[in-house]
Amino acid sequence: VVIDGAAAALESAADRLPFATTAIGRSNVSTFRTVLCASIRLLVLCLLAAGVQAVTPEIRAGGRHTIGLKADGTIRTWGDDASGQLGVGRSLQFASPIASGISGVRVVLVGSYHTLAQKNDGSFWAWGHNDFGQLGDGTRTDRSTPVRVSGLSGVTSLSGGGNHTVALKSDGSVWTWGYNGNGQLEDGTLTDRLTPVQVNGLTRVIAISAGFRYTVALQSDGSVWASR
């Protein structure tokens, strides 16, 4: 999509060049356009093969902190850091953006007091409040620097709730971890989970969203399911 979009923009620009008004000019434009678009496609494919991916800048707000993702894959963060949710290695408060130590990030998400990031290699990282295991690292220890989410692969999207986290895999299955006092993990228990567990009987999911103490999933047939 990115490649085709860039090519279309270049073609449109080439058609507006002054020398495109004559037959010879139009021929030159056609040749120029073909070579340039082929070069752009080749460059993008090489970048993708090398693991370089486009990053969309975004800002996410948690309970008391804010995370900003820059186009270069680095993070700026500010606000309350009592649980380490800023990811800067120390528990302070910052009234202006400060650089977090993680890089190569393409997506950021937040819970109430924890932060999540997906890197260009597809791995997921988390930091901040972890009393209920919402970081997914197998402990209940708060983290002031990023730790990798355990046993998670093939994930297409992630959502942070109040004190739980939800992941959607490419096979349409949903995985959850963290606080489960209201059954928001949908694993048939009210037990907190320190690492990802699969949601029972839920398949063909295409979108997920985690609220403060609930989880919602959209299936491919348009039906919506929510934790109860």
Side-chain angles (χ1 to χ4, degrees), residues 2 47-48 51-137 141-170 174-179 184 195-196 205-212 215-217:
V2 173
L47 290 173
L48 291 175
V52 178
Q53 303 184 39
V55 174
T56 302
E58 58 184 352
I59 292 180
R60 303 282 184 175
R64 293 180 178 175
H65 72 295
T66 306
I67 302 291
L69 175 62
K70 299 185 68 175
D72 63 2
T74 61
I75 289 176
R76 296 296 183 271
T77 182
W78 60 98
D80 183 35
D81 193 33
S83 300
Q85 60 264 48
L86 300 188
V88 296
R90 54 192 183 275
S91 295
L92 297 170
Q93 293 184 350
F94 294 91
S96 58
I98 184 173
S100 179
I102 193 170
S103 61
V105 175
R106 66 183 183 194
V107 177
V108 292
L109 306 107
V110 295
S112 290
Y113 305 106
H114 68 292
T115 306
L116 308 156
Q118 183 184 28
K119 300 187 74 171
N120 288 327
D121 62 6
S123 63
F124 281 93
W125 298 74
W127 58 96
H129 189 53
N130 199 28
D131 274 4
F132 306 100
Q134 58 265 50
L135 301 188
D137 68 343
T141 304
D142 292 353
R143 305 290 185 178
S144 60
T145 56
V147 292
R148 188 163 183 169
V149 179
S150 302
L152 201 59
S153 61
V155 173
T156 58
S157 64
L158 208 64
S159 183
N163 290 298
H164 73 293
T165 308
V166 183
L168 173 62
K169 288 194 173 187
S170 56
V174 177
W175 297 71
T176 57
W177 60 97
Y179 182 63
Q184 55 265 58
T195 55
V205 173
I206 59 173
I208 54 171
S209 182
F212 184 66
T215 303
V216 179

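Everything quoted here is computed from the prediction, not taken from an experiment. The first residue of the sequence shown is numbered 1, and numbering continues consecutively from there.
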Under 3.5 Å donor-acceptor, Thr77 side chain and Thr66 backbone: yes

Side chain to side chain contact (heavy atoms under 4.5 Å, CB included) between Val108 and Glu58, worked out: CA-CA 8 Å; Val108 292; Glu58 58 184 352; 3.7 Å; yes

Test ring-ring contact (aromatic ring centres under 6.0 Å, His included) applied to Phe132 - qualifying residues, sequence neighbours left out: Tyr179

Contact summary for Ser83 and Tyr113, nearest pair of heavy atoms: CB-O, 4.2 Å

Separation of Ile67 CD1 from Leu109 CG (nearest 0.5 Å): 10.5 Å

Which donor-acceptor pairs under 3.5 Å do the side chains of residues 156-167 make with protein atoms, sequence neighbours left out?
residue	atom	partner	partner atom	Å
Thr156	OG1	Leu168	O	3.2
Ser159	OG	Ala210	N	2.9
Asn163	OD1	Gln134	NE2	3.2
His164	NE2	Tyr214	O	3.4
His164	NE2	Thr215	OG1	3.0
Thr165	OG1	His114	NE2	3.2
Thr165	OG1	Gln134	O	2.9

Over all atoms of both residues, closest heavy-atom pair of Ala61 and Val110: O-CG2, 3.2 Å

Nearest-0.5 Å distance, CH2 of residue Trp175 to NZ of residue Lys169: 4.5 Å

Least distance between heavy atoms, Ile98 atom then Val88 atom: CG2-CG1, 3.8 Å

Positive for side chain to side chain donor-acceptor pair (under 3.5 Å) with Thr115, one of His129, Arg143, His65, Gln85: His65

Side chain to side chain contact (heavy atoms under 4.5 Å, CB included) evaluation trace for Arg60 with Leu69: CA-CA 9 Å; Arg60 303 282 184 175; Leu69 175 62; over 6 Å; no

Non-hydrogen side-chain atoms of Pro97 and Trp78 separated by less than 4.5 Å: yes

Ser150 (side chain) donor-acceptor with Gly136 (main chain) under 3.5 angstrom: yes

From OG1 (Thr141) to CG (Asn130), nearest 0.5 Å: 6.5 Å

Closest heavy-atom pair and its distance - Thr145, Gly89: CG2-CA, 3.7 Å

Minimum heavy-atom distance between Val205 and Ala217, given as atom pair plus value: CG1-CB, 4.0 Å

Sub-4.5 Å side-chain heavy-atom contact between Asp131 and Asp142: yes

Interatomic distance, Gln118 atom CD to Ser123 atom OG [nearest 0.5 angstrom]: 7.5 Å

Leu135 side, atom CG; Leu116 side, atom CG - distance, nearest 0.5 Å: 7.5 Å

